[in-house]
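For reference, the structure is listed below as structure tokens.
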Amino acid sequence: MDQIPDIDDTIPLPANAQEAYPDLSPREELEMRARTIKLISDLTGVPLSPGENAQRDAREIATDLIKGGPIRPDMAIYPNETIAYLAGLVAQYDSQVVQELANLKRFVVNKLIEETAHPDGKVRLQAIKALGEVDGVDAFKKRTEMTVKHQSIEEVEKELLETLSKLEARTIDLPMAEIVEPETVNEPTDA
């Protein structure tokens, strides 16, 4: 028995495989290609060993990616070794940037700590305030707590009826009176 999938006639099919691909940033495309290349290498048992030309090409592409040039590199024209080496370069660069940012944060925090001993009170107060805003310290963050109470429909109805009963008990019956607004007379203006 043939298995035929349900096909919705109202959804157009892409003209080709490339049109079916989602839009990816250069980094996303590189990561996707590198994962695919690694998987194929692992499945076939053929190791990837980029030569000198592949390494040079990968460095050039990495430089263009880091600079954020207006031209998107066409990664389909490069061999698998170049793409794999490029993915390694980008990952190493990201790791270095993260480490540099961590070191920079540590430097800033240390300088702020030094400033808390400053003889001028204004400087001390600004340093303490800045330290309180550092991620992880969060001394000045406003927090809102919310409690979620799960109840059955019957419990919710019972609570609502009790609340309505309490409100009804607090109402005051007053006789109705009609409010009449006094008529205003438009006086002629001197023209």
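The shown structure was predicted, so the numbers you read here are calculated from the model rather than taken from an experiment.
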Self-check item: Donor-acceptor contact below 3.5 Å, side chain Ser41 vs main chain Ile37
Solution: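 A pair under 3.5 Å: no.
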
How long is the gap from [atom1] on [X] to [atom2] on [Y], to the nearest 0.5 Å?
| X | Y | atom1 | atom2 | value |
| --- | --- | --- | --- | --- |
| Tyr78 | Ile61 | OH | CD1 | 4.0 Å |
| Tyr93 | Thr63 | OH | OG1 | 10.0 Å |
| Arg33 | Thr82 | CZ | OG1 | 12.0 Å |
| Ile83 | Leu48 | CD1 | CG | 11.0 Å |
| Leu161 | Ser165 | CG | OG | 6.5 Å |
| Leu101 | Gln99 | CG | CD | 9.5 Å |

Quiz item: What heavy-atom pair brings Asp23 and Glu28 nearest, and what distance separates the two atoms?
Solution: O-OE1, 4.3 Å

Exercise. Taking all non-hydrogen atoms of both residues into account, name the closest pair between Ala127 and Leu112 and its distance.
Key: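 So the two residues come closest at CB-O, 3.7 Å.
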
Practice problem: Check the pair Asn53, Arg56 against side chain to side chain contact (heavy atoms under 4.5 Å, CB included), reporting the backbone distance first and the verdict last. | Solution: CA-CA 5 Å; Asn53 290 339; Arg56 185 189 68 245; 2.9 Å; yes

Practice problem: Just grab all the salt bridge (Lys or Arg N to Asp or Glu O under 4.0 Å) pairs involving residues 113-129, residues at least two apart or on different chains. | Solution: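 Only Lys111-Glu114 qualify under salt bridge (Lys or Arg N to Asp or Glu O under 4.0 Å).
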
Quiz item: Does Lys149 pair with Glu155 as a salt bridge, N-O distance under 4.0 Å?
Solution: no

More than 12 heavy atoms of other residues, nucleotides or ligands under 6.0 Å from [atom1] of [X]: is that the case?
| X | atom1 | answer |
| --- | --- | --- |
| Glu168 | CD | no |
| Asp8 | CG | yes |
| Leu43 | CG | yes |
| Gln96 | CD | yes |

Quiz item: Hey, what else clusters with Ile11 if you join Ile, Leu, Val, Met, Phe, Trp, Tyr whenever side-chain heavy atoms sit under 4.5 Å?
Solution: none

Quiz item: Side chains of Val90 and Glu31: does their closest heavy-atom pair fall under 4.5 Å?
Solution: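 Of all side-chain heavy-atom pairs linking Glu31 with Val90, none is under 4.5 Å.
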
